[in-house]
2 protein chains.
Amino acid sequence: MNIGKAAEASGVSAKMIRYYESIGLLAKAARRENGYRDYDERDVHDLRFIKRARNLGFSVEATGDLLALWRDKSRASADVKSFAMRHVSDLEAKISELQAMTRTLRHLASHCHGDERPDCPILDDLATPGAGETDQDAQVNRAKVRKPRDAGTQIRSFRRPVTA
Amino acid sequence: MNIGKAAEASGVSAKMIRYYESIGLLAKAARRENGYRDYDERDVHDLRFIKRARNLGFSVEATGDLLALWRDKSRASADVKSFAMRHVSDLEAKISELQAMTRTLRHLASHCHGDERPDCPILDDLATPGAGETDQDAQVNRAKVRKPRDAGTQIRSFRRPVTA
DNA sequence: CTGCACCTTCCCACAGTGGTAAGGTCAAGG
DNA sequence: CCTTGACCTTACCACTGTGGGAAGGTGCAG
């Protein structure tokens with residue numbers, strides 16, 4: 001099976017398949033005479049596993065650990081469970097961090113007229129020393145979570161020098 | 001004021017101050033005879049503004065927009081409010097994405113014995129085509145949120161080739 | 001044979017942040 | 001006066017993932 005087919009079958013782009021192979025997450029693919037990578041069902045299976053783990057927010061690194069756990073038929077289910085639950089804690093830390101942000105922002109916004117007048121408590125707050133920190137919350141939450149694939153839908157609007 | 005003092009006073013590292021200047025988020029700093037950057041209270045104020053915006057999860061890009069809004073004394077508060085609320089939506093999209101992940105993981109983990117036996121529904125699920133997707137949720141949430149500063153607290157454990 | 005779809009490798013970009021190396025500057029203390 | 005140490009300067013490199021594209025080979029269909 002060509003890389004294109006494997007990509008289609010697994011939902012992992014050809015680009016990413018090569019990348020995963022290059023960092024050692026994936027075993028080196030078999031090659032055909034012509035140099036093309038050749039995949040079989042087991043490879044596609046691994047790719048789907050990876051895809052799924054990534055969708056659950058596991059980093060590529062953690063995904064490697066999961067794959068290793070999966071291959072190690074003698075691991076204790078407790079190991080897997082604790083691994084997963086550690087990830088859940090990371091996720092939840094991230095969630096409460098984001099929630100603190102939305103709380104603060106909604107609070108500020110609720111005091112903003114939202115009309116033609118220029119005065120706005122949101123900016124005033126940002127511009128005021130010692131105001132709305134969100135940091136007591138944020139300070140605690142230093143997990144590494146970063147959900148994969150986010151780059152497509154961007155907002156793009158800044159990019160000219162602010163002053164010059 | 002030296003960059004070090006400005007960093008201390010604003011909570012933005014010297015490194016980041018230079019970076020923000022280099023990408024045009026911050027005006028080019030005044031220089032003294034010796035080439036050292038020189039900051040005054042207004043600069044520190046801007047830095048604190050940036051710091052605060054970043055803590056609220058605004059991207060550097062969005063922070064530039066906020067700074068521009070703040071400097072534009074004639075902007076309507078409605079503009080600021082809608083800008084902030086768009087960000088809140090992004091945050092909330094991210095939150096529900098992460099929540100979907102934790103839900104799925106907690107669900108899987110709840111079916112895992114977590115003992116010495118090797119069989120584990122978590123891995124089984126990852127390894128099974130068509131199982132626990134989280135993707136209907138995730139599909140919708142493609143905002144660009146990515147809270148700043150996360151790199152310090154890493155997990156580090158993977159890095160040897162999975163097969164070789 | 002031509003054209004098109006696929007494959008290969010390699011380098012670039014993105015967002016932020018930290019690290020570090022090689023050098024200049026400056027003030028304090030011997 | 002000279003050394004030491006704390007600061008500053010620039011310029012690179014790393015990380016995490018992902019996509020884009022160039023330059024070239026391959027393979028199949030018409």
Side-chain angles (χ1 to χ4, degrees), chain A residues 1-8 11-26 28-39 50-51 53-55 57-65 90 94 142-159, chain B residues 1-8 11-26 28-39 50-51 53-55 57-64 90 94 138 142-159:
Chain A
M1 195 188 319
N2 274 352
I3 196 172
K5 295 290 170 193
E8 204 182 349
V12 179
S13 73
K15 208 83 199 214
M16 281 298 102
I17 295 177
R18 294 194 197 97
Y19 172 68
Y20 291 151
E21 180 182 327
S22 80
I23 61 169
L25 173 60
L26 221 50
K28 282 188 187 171
R31 299 290 185 135
R32 266 180 288 164
E33 299 284 290
N34 53 16
Y36 286 18
R37 286 175 183 78
D38 196 14
Y39 298 92
I50 291 170
K51 173 86 186 184
R54 303 283 296 119
N55 278 139
F58 288 97
S59 68
V60 170
E61 187 175 324
T63 300
D65 295 342
D90 289 351
K94 189 76 183 175
R142 290 320 188 191
K144 169 246 221 133
V145 172
R146 291 203 182 305
K147 171 75 209 311
R149 227 228 94 54
D150 256 7
T153 318
Q154 298 233 343
I155 294 167
R156 291 263 151 255
S157 51
F158 168 74
R159 191 65 350 177
Chain B
M1 197 188 316
N2 273 351
I3 197 172
K5 295 290 170 191
E8 204 182 347
V12 179
S13 74
K15 205 83 201 216
M16 281 297 103
I17 296 178
R18 295 194 196 97
Y19 171 69
Y20 291 151
E21 180 182 327
S22 81
I23 61 169
L25 173 60
L26 221 49
K28 282 188 186 168
R31 297 292 183 132
R32 268 181 286 163
E33 299 285 289
N34 53 15
Y36 286 19
R37 287 175 182 77
D38 196 14
Y39 298 93
I50 290 170
K51 173 84 186 191
R54 302 283 296 121
N55 278 140
F58 288 97
S59 68
V60 170
E61 187 174 325
T63 300
D90 289 351
K94 189 75 182 178
R142 288 321 188 193
K144 169 248 223 128
V145 171
R146 290 204 182 302
K147 171 74 209 312
R149 226 230 97 52
D150 255 9
T153 319
Q154 297 234 343
I155 294 167
R156 290 265 149 255
S157 52
F158 168 75
R159 189 71 346 179

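In the text below, chain A, chain B and the rest are named by the order of the sequence lines, each starting its count at 1.
One interatomic measurement links the two molecules: CZ of A:R18 to P of D:dG21, which rounds to 15 Å at whole-angstrom precision. Rounded to an integer number of Å, the gap from B:M16 CE to C:dG19 C1' is 11 Å. As rounded to whole Å, 15 Å separates atom P of D:dC7 from atom CE of B:M1. For the pair B:E21 CD and C:dG16 C1', the computed distance is 17 Å after rounding to whole Å. In this structure, A:N55 places its CG atom 14 Å from P of D:dG17, rounding to the nearest Å. Distance B:E8 CD to D:dC8 C1': 15 Å, rounded to the nearest Å.
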*How is the base pairing of DNA chain C summarised as a dot-bracket string, given the Watson-Crick and G-U wobble criteria with both distances under 3.5 Å, [ ] for crossing and | for another strand?*
||||||||||||||||||||||||||||||

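Between A:Y20 and A:T63, every side-chain heavy-atom pair lies at or beyond the 4.5 Å cut-off. Residues A:K94 and A:D90 are not in side-chain contact: their nearest non-hydrogen atoms beyond the backbone lie 4.5 Å or more apart.
B:R37 comes within contact range of the sugar-phosphate backbone alone, with a heavy-atom separation under 4.0 Å but no base atom that close. No contact: B:R32 has no heavy atom under 4.0 Å from any strand.
An OP1 or OP2 oxygen of C:dT17 is reached within less than 4.0 angstrom by a side-chain nitrogen or oxygen of B:R54. Regarding contacts with the backbone of D:dT18, a side-chain N or O of A:Y20 is found under 4.0 angstrom from either OP1 or OP2. Within the structure, every side-chain polar atom (N or O) of A:S13 is placed at least 4.0 Å from both OP1 and OP2 of D:dT18.
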Only distances under 3.5 Å count here; give the side-chain donor-acceptor pairs of residues 31-38 of chain A to other protein atoms, sequence neighbours excluded, each with its distance to 0.1 Å.
unit_1, atom_1, unit_2, atom_2, d
A:R31, NH1, A:G35, O, 2.8
A:R32, NH2, A:N2, OD1, 2.4
A:N34, OD1, A:Y36, N, 2.9
A:R37, NE, A:E21, OE1, 2.9
A:D38, OD1, A:M1, N, 2.6

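Mapping A:Y19 and B:K5 onto DNA chain D via the closest heavy atom, the residue that lands nearer the 5' end is B:K5. Heavy-atom nearest nucleotides on DNA chain D were determined for B:Y39 and for A:K15, and the one closer to the 5' end corresponds to B:Y39.
The shortest non-hydrogen separation linking B:A62 to B:F58 is CB-CD2, 3.9 Å. For A:S13 against A:A7, the heavy-atom pair with the smallest separation is C-CB, 4.0 Å.
Between the CG atom in A:L25 and the CG atom in A:D65 there is a gap of 10.0 Å [rounded to 0.5 Å].
Between C:dG16, D:dT10, D:dC8, one nucleotide has an atom nearer to the side chain of B:R31 than all others, and that is D:dT10.
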Report each atom pair, protein N/O against N/O of nucleotides 24-26 of chain C, whose distance is under 3.5 angstrom.
unit_1, atom_1, unit_2, atom_2, d
C:dG24, N2, B:Y36, OH, 2.7
C:dT25, O4', B:Y36, OH, 3.1
C:dC26, OP1, B:N34, ND2, 3.1

